[in-house]
Amino acid sequence: MSVSTPRDLPAYVQIANALRASIRDGHLAPGTVLLEGPLAAIFGSSRSPVKGAIAQLLEEGLLRRFEGRGAVVGTRDTPVLRVPLTAAMLGLDDRGAEIPKVWAWQRFYEEVERELIYRSVFGRFRVNELELARHHGIGRTVARDILIQAQSTGIVTKAEKAHWFIVPLGDKRLDDLYAMRALLEPALLRTAAGRIAPDSLRTMRRRLATAQAAYPEVGGLQMDAIETDLHVTCLGHGDNPEMLEALKRTRCILISGKHILGAELAFPPNDPFLDDHDAILRALEAGDGEAAAAALSRHLAAARPKVIERLARFRASYAVPPLGYVV
């Protein structure tokens with residue numbers, strides 16, 4: 001079966017998934033204080049993806065803030081427990097799970113991805129690999145890995161003389177990408193029905209229900225996790241790896257929403273896309289691939305004009321600041 005590998009997912013998603021499973025399985029007791037530094041050491045990452053993972057779980061209601069540093073597992077009436085964190089304490093050793101590997105490029109990727117996707121809305125720009133390395137104090141190899149990842153999701157391309165360029169995310173390209181998604185995503189989802197673990201679908205629906213209850217008071221990372229559940233994880237269980245590879249270049253659409261909605265633009269007060277997701281996941285739980293594919297087709301058709309309008313508003317309201325590695 002061709003499924004999305006952990007390397008395909010952002011580092012903060014990998015870490016959030018591991019922490020979420022540890023909380024659900026009871027390895028992290030209610031009241032346990034989670035600090036960015038110790039968690040970064042366990043996962044071998046910088047603090048940035050750990051911060052993103054904690055933010056996502058705060059939005060889901062699995063963690064809460066308190067007067068001290070860090071976040072606490074559970075609800076407000078839980079006594080605070082300050083204990084040293086270990087991989088075994090997270091349950092990673094007990095369930096035989098491998099600690100998610102955070103690659104060097106992933107430590108810097110989210111910030112670079114945001115800067116590149118913002119500029120893609122305004123046109124074609126060159127990205128200087130050497131200046132990117134200097135800007136972040138990293139080696140050329142790590143900078144190249146960052147750009148290769150951005151290339152795989154359709155944000156940049158490598159052109160003549162090995163130069164990197166941002167691919168413009170204009171209306172015509174959005175139409176083309178949605179046309180591809182309309183052909184490939186329902187077909188893949190149809191074959192994924194019955195191949196996704198029931199526990200995984202239940203987790204997705206719990207995460208979706210949390211967002212539905214709080215909407216529009218939700219965060220960008222929370223919504224990105226929901227989009228990733230359907231358009232990456234579920235589709236990753238489809239049986240056509242060539243389709244999966246082709247669809248990777250359409251992820252720039254999801255990425256634009258992650259960085260723009262809830263950050264630069266407010267979520268619309270009423271948006272039925274969460275209900276669309278729920279209908280699709282329910283069909284998958286029932287093992288009805290045809291119903292899931294039909295619901296996904298309707299969802300994509302409704303989403304296209306909304307995304308075009310969103311990017312037009314962003315283009316009209318956002319002033320792009322200068323950035324040393326983008327010219």
Side-chain angles (χ1 to χ4, degrees), residues 9-10 12-13 15-17 19-20 23-24 51-65 71-76 110 114 117-118 121 174 178 181 185 189 196 200-235 250-285 291-292 294-314 317-318:
L9 299 175
Y12 83 88
V13 173
I15 294 172
N17 288 345
L19 293 176
R20 187 184 299 109
I23 294 170
R24 299 287 189 200
K51 184 177 181 179
I54 289 175
Q56 182 174 312
L57 298 184
L58 284 167
E59 291 169 352
E60 294 176 18
L62 294 177
L63 303 179
R64 66 176 175 86
R65 291 293 186 193
V72 176
V73 175
T75 59
R76 293 187 178 280
E110 288 295 311
R114 180 181 65 250
I117 202 70
Y118 280 1
V121 181
L174 281 170
Y178 266 102
R181 293 180 71 186
E185 288 196 21
L189 196 66
I196 307 170
S200 180
L201 287 171
R202 282 193 289 270
T203 297
M204 292 177 192
R205 288 199 58 219
R206 280 197 298 267
R207 185 157 42 244
L208 182 61
T210 299
Q212 286 176 305
Y215 192 87
E217 300 300 321
V218 291
L221 293 181
Q222 186 178 9
M223 302 307 288
D224 181 56
I226 290 169
E227 295 281 34
T228 299
D229 282 344
L230 175 59
H231 298 290
V232 179
T233 303
C234 286
L235 292 180
T250 72
R251 289 188 194 171
C252 54
I253 298 174
L254 304 181
I255 290 166
S256 71
K258 173 177 69 173
H259 291 296
I260 292 175
L261 283 177
E264 301 298 332
L265 297 178
F267 287 97
N270 298 297
D271 195 322
F273 87 96
L274 290 176
D275 293 336
D276 292 351
H277 278 236
D278 187 55
I280 296 165
L281 292 179
R282 286 178 183 272
L284 290 173
E285 281 189 315
L296 179 56
S297 292
R298 293 191 294 271
H299 171 63
L300 291 172
R304 185 191 64 82
K306 294 178 183 178
V307 172
I308 289 176
E309 188 272 337
R310 173 206 307 160
L311 295 187
R313 285 192 290 124
F314 177 74
S317 62
Y318 185 76

(request) Would you check, one step at a time, whether the test side chain to side chain contact (heavy atoms under 4.5 Å, CB included) holds for I253 with R181? (result) CA-CA 11 Å; I253 298 174; R181 293 180 71 186; 3.8 Å; yes
Report yes if some heavy atom in the side chain of [X] is under 4.5 Å from a heavy atom in the side chain of [Y]; otherwise report no.
| X | Y | result |
| --- | --- | --- |
| D229 | T203 | no |
| K306 | R310 | no |
| P216 | D271 | no |
| I196 | C234 | yes |
| L63 | V73 | yes |
| D275 | Q212 | yes |
| D224 | Y12 | yes |
| M223 | L261 | no |

How far does [atom1] of [X] sit from [atom2] of [Y], to the nearest 0.5 angstrom?
| X | Y | atom1 | atom2 | result |
| --- | --- | --- | --- | --- |
| L230 | H277 | CG | NE2 | 5.0 Å |
| R24 | L19 | CZ | CG | 12.5 Å |
| I260 | I255 | CD1 | CD1 | 11.5 Å |
| I117 | R251 | CD1 | CZ | 13.5 Å |
| S297 | L189 | OG | CG | 9.0 Å |

Which pair of non-hydrogen atoms, one from [X] and one from [Y], has the smallest distance, and what is that distance?
| X | Y | result |
| --- | --- | --- |
| G52 | L221 | O-CD1, 3.4 Å |
| I226 | L208 | CG2-CD1, 3.9 Å |
| Q56 | A225 | NE2-CB, 3.5 Å |
| G219 | E59 | CA-OE2, 3.1 Å |
| I15 | A53 | CG2-CB, 3.7 Å |
| V218 | A211 | CG1-O, 3.7 Å |

(message) Can a donor-acceptor pair be found, under 3.5 Å and without considering hydrogens, that links the side chain of Y215 to the backbone of F267?
(response)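 No.
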(request) Determine yes or no for a side-chain-to-main-chain donor-acceptor pair under 3.5 angstrom, with E227 supplying the side chain and L254 the backbone. (result)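 Between the backbone of L254 and the side chain of E227 there is no qualifying donor-acceptor contact (under 3.5 Å).
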(request) Identify whether the distance between the nearest side-chain nitrogen and carboxylate oxygen of K258 and E110 falls below 4.0 Å. (result) yes
(request) Please report the C-alpha distance between R298 and D276 in whole Å, then the side-chain angles of each, then the deciding distance to 0.1 Å, and finally whether the side chain to side chain contact (heavy atoms under 4.5 Å, CB included) criterion is met. (result) CA-CA 8 Å; R298 293 191 294 271; D276 292 351; over 6 Å; no
(request) In sequence, state the C-alpha distance, the side-chain angles, and the governing distance for M204 and L284, and then conclude on side chain to side chain contact (heavy atoms under 4.5 Å, CB included). (result) CA-CA 11 Å; M204 292 177 192; L284 290 173; over 6 Å; no
(message) Parallel, tilted or perpendicular: which one describes the rings of Y318 and F314, with boundaries at 30° and 60°?
(response) parallel
(request) Evaluate the ring planes of H231 and H299, with Trp represented by its six-membered ring, and classify them as parallel (under 30°), tilted (30 to 60°) or perpendicular (over 60°). (result)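 Ring orientation of H231 relative to H299: parallel.
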(request) State whether a side-chain donor-acceptor pair under 3.5 Å links R207 with T210. (result)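 R207 vs T210: no donor-acceptor pair found between side chains.
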(message) Run R20 and L57 through side chain to side chain contact (heavy atoms under 4.5 Å, CB included) and show every step you take.
(response) CA-CA 7 Å; R20 187 184 299 109; L57 298 184; 3.9 Å; yes
